[in-house]
Amino acid sequence: MKGARSAYALRSLHLLDGIKRNLQKDFRIEFRNRSAFYISVIFAAIITISISLVAGYTPFSPKTHSILLWLITFFSAMNALPHTFIREEEEKTALFLMLNSSPGDIIASKLLFNTVFFLIIQIFLTPLYIFFLQIDIRMPAEFILTILAGGVSIATSATLLGAITAKSDSRNSLFTIISFPILLPVIWIAITATEAAIAGMGFKFGHVLFLLAFSGVLTEMSFMLFKHIYR
Amino acid sequence: MPVSILLAFLYAPSAEVLGHTSRIIYFHVPVGWVSVLAFMVAGIYSILYLKDRGRVYKLAETKAFNSAVIGIVFTVLTIVTGSIWAKLMWGSFWNWDPRETSMLILLLIYTAYFSLRSSITDSGTRDRVSSVYLIFAMVVVPFFVFVVPRIYPSLHPDTVINTDRKLHLDGDMRMTLFTSSIAFTMLYAYLFIIANRISKASKKIEERYDS
Amino acid sequence: MIRKIIMLTAAASLCFSVTSKAISAERTEAKDQPQIKSSVEISKADSSVVSSDGNKQDKDSETTTLIIVMLVILIIWIGVSVYIFNLDRRLKDVEDRLKE
C-alpha cells in the first residue's frame, strides 16, 4: 500500500515536472516571438475600430454589444489558439515533443498555456471594445466573470481542436470550420450572460456555471483523446 | 415503408389546426430521428475503433464513415422538408427555432468531419484524428438536440420526451408516427449494411493488390 | 441496378397512387357537400355566395396542401435514391475490380 502511494506520488511529481517544463518552453517561445499575440490583438483592434467608425454615434442595444464582442473574441481565438500545435508541426519539433514528454504532460501544458494566453488577449481586447464603443456596463463584476468564464471555455475547447488541425494539411482555414460547431454553445450562452450583465438584468449564474462545466467536460475529453492524436 | 405511407394518408386523421400539412410529421420526424441515430452510431464505431485498433472490430472507422454519410443525407433531407413545412406553418423557411438550429449544427459537424477527413492524406492519422473529432463532437450534440429544445421556447410542438411523461398525440397519429419511425430506421439499417459490405469488399480487393 | 430502379419506381408510384386517391376522395367530398349545404344557402340568401366560394377555396387549399405533402415525400425519396445510386456506382466499381 505504501509502495503504491509512493509510486503514485512519484508519477504525479513527474507529471508536474513535465507540465512545468513544457509550459516554460511555450511561454519562452511566445515571449521571444510574439507574432500570434500581435496578430490576434491587432485583428481584434481593426474590427473594433471599423465597427466604431461605421457606427458613429449610433447607440447599440446590450444584445448587439454582446454579440459583436463575442464575435470579435471568437475570431481572435481562431487566429490565436491553433498556433501552439501548428508551430510544433511546422518547426518539426512535434516528434521531439512526443519522445520527450508523455501525452498527459503535453495536453496539460498546452491547455494551461492556451488558457492563460487567451485570457491575456481578452484583457487587451475587452477594454479596447468598451473604450471604442462606449458601453455602459451596469454589472461590471458579473461582466468580467462572464468574459473570463467564456474565455476559459473557448481556450480549453480549442486546444484539442488545434491538435487535430495540426495533423491535417490545410491547417488555418480548417480550424475555424471544425471549431465553430463545438464552440457554438459557448458563444450562445456567453452572449446571453454578457447581455444580462451589460443591461443589469440580473446575474446569470447558471450560464456562467454552464460555461465552466462545458470547459471541464471538454478538458476531460481532451485528456482522454489526446493520446490517440499524438502518438 | 408502403404501410407507413398508407397509414399517413388514409388512416391518420389530419390535425386540428395544422390540417393536412400535419401529415408531413410522419416523414419529417423519422428522417430527423435517423440523422441523429446515424451520428450516434458513427460516434460509437469511432470509440470502438480507438479502443480496439481493428483487432476485433475490423473496419470500425469505415463503418463510422459510412454511418456519417447516411447521416448527412438524412440531415439535409430533414432541413429541406422542415423548411417547406415551416414556410407553410410559420410563414418563413428559416426561423432559428432551437430544433432547426440543432439540425443545422449537426449538419455543420458532419461537414467539418468530412472536411477534416479529406484534408489528411495519411490513412492511419486520418482514421485516428477523424474518430477523435467525432467523439469530441458527441459531447455537443446531445446538448443541442435534447437539452436546448426543452429549455428555450420553440415553435415545434411538444417533444416525445417531456415533463408530462406522455405523448401529446392522438392514438391513430401516434401509431402512424411509430410505424413510420420504424420504417425509416429499418431503411437506415439496410443502407448501412449495404455500404459496409461494399467497403469490406473494396478493402479485400486492396489487400489482395497490396499482397 | 435495373432491379433497384424497378423497386424505386414501384415505391414512388404507390406513393403517388395513394396521394391521388386521397386527393380524389377530398374532391368527391367537395362535390357531395355543396348539395347538403345548398339547402342551407337557399334559406340564408345573404351569405350563400360567400359560403359556397369559401368552401371551394377551402377544398382547393386542402388539395394544395396534400400536393405539398406529396412533394415533401418525393424530396425524401429523391434524396434516398441519390444515395442508393451512389452506393450502386461504388458496388459496380468493386465488381469491375474483382473481374480484373
Side-chain angles (χ1 to χ4, degrees), chain A residues 67 82 85-86 89 94 98 103 107 153 156-189 191-192 204 206-207 210-211 213-231, chain B residues 39 43 46-54 60-61 68 72 75 96 98 100-149 151-152:
Chain A
I67 289 169
F85 283 106
I86 291 176
E89 294 289 331
M98 278 189 266
I107 189 64
S153 209
T156 49
S157 318
T159 306
L160 188 72
L161 296 171
I164 289 171
T165 315
K167 290 289 174 186
S168 72
D169 297 337
S170 50
R171 291 176 185 136
N172 293 313
S173 43
L174 191 67
F175 183 68
T176 312
I177 295 170
I178 65 172
S179 303
F180 181 69
I182 312 275
L183 291 179
L184 194 61
V186 173
I187 297 168
W188 190 352
I189 301 291
I191 287 174
T192 316
K204 300 253 182 192
H207 286 53
F210 170 83
L211 290 172
F214 192 81
S215 85
V217 168
L218 290 186
T219 306
E220 177 59 36
M221 299 289 299
S222 305
F223 269 98
M224 282 164 55
L225 296 171
F226 184 74
K227 62 179 186 274
H228 297 289
I229 302 173
Y230 256 60
R231 288 190 312 133
Chain B
F39 182 76
S46 298
I47 293 171
L48 283 173
Y49 170 74
L50 287 180
K51 216 175 154 213
D52 181 63
R53 293 308 165 94
E61 206 284 324
I72 198 171
T75 310
W96 289 110
E100 284 176 331
T101 312
S102 68
M103 278 295 127
L104 184 67
I105 300 300
L106 196 57
L107 183 66
L108 286 174
I109 290 174
Y110 276 130
T111 323
Y113 170 72
F114 290 123
S115 313
L116 178 66
R117 226 171 167 272
S118 58
S119 71
I120 303 173
T121 39
D122 173 45
S123 65
T125 314
R126 181 190 64 208
D127 293 348
R128 269 186 294 118
V129 170
S130 52
S131 302
V132 165
Y133 180 71
L134 210 57
I135 297 166
F136 206 62
M138 268 176 82
V139 175
V140 175
V141 166
F143 167 75
F144 271 108
V145 172
F146 298 112
V147 175
V148 166
I151 295 177
Y152 290 96

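Note on naming: letters A, B, ... go to the chains in the order of the sequence lines (proteins, then strands), and numbering restarts at 1 for each one. Nothing here was measured: the structure is a model prediction, and the numbers come from that model.
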- In R117(B), R126(B), K51(B), the residue satisfying salt bridge (charged side-chain N to carboxylate O under 4.0 Å, His left out) with E61(B) is R117(B)
- Check for a donor-acceptor pair, side chain of S168(A) on one end and backbone N or O of I164(A) on the other, with a separation under 3.5 Å. no
- Message: Is there a side-chain contact (heavy atoms from CB on, under 4.5 Å) between S222(A) and T159(A)? Walk through the geometry before answering.
- Response: CA-CA 8 Å; S222(A) 305; T159(A) 306; 5.7 Å; no
- Message: For S157(A), which atoms come within 4.5 Å of any heavy atom of chain B: side chain, backbone, both, or neither?
- Response: backbone
- Query: Heavy-atom distance under 4.5 Å to chain B: side chain of F180(A), backbone, both or neither?
  - Reply: side chain
- Side chain, backbone, both or neither of L218(A) within contact of chain B (heavy atoms, under 4.5 Å): both
- Task: Count the heavy-atom pairs under 4.5 Å between each of V217(A), L161(A), T165(A) and chain B, then report the option with the highest count.
- Result: L161(A)
- Message: Please evaluate residues L160(A) and M221(A) with respect to the criterion side-chain contact (heavy atoms from CB on, under 4.5 Å), reporting the C-alpha separation (whole Å), side-chain torsions for both, the decisive distance (0.1 Å), and the verdict.
- Response: CA-CA 9 Å; L160(A) 188 72; M221(A) 299 289 299; 5.7 Å; no
- For S119(B), is it the side chain, the backbone, both, or neither that has a heavy atom closer than 4.5 Å to a heavy atom of chain A? both
- Query: Any chance the rings of F39(B) and Y110(B) have centres within less than 6.0 Å?
  - Reply: yes
- Message: For F210(A), which atoms come within 4.5 Å of any heavy atom of chain B: side chain, backbone, both, or neither?
- Response: side chain
- Under 4.5 Å heavy-atom distance to chain B, tell me which part of I178(A) shows up: side chain, backbone, both or neither. both
- Would a line drawn from the ring center of Y113(B) to the ring center of F136(B) be shorter than 6.0 Å? no
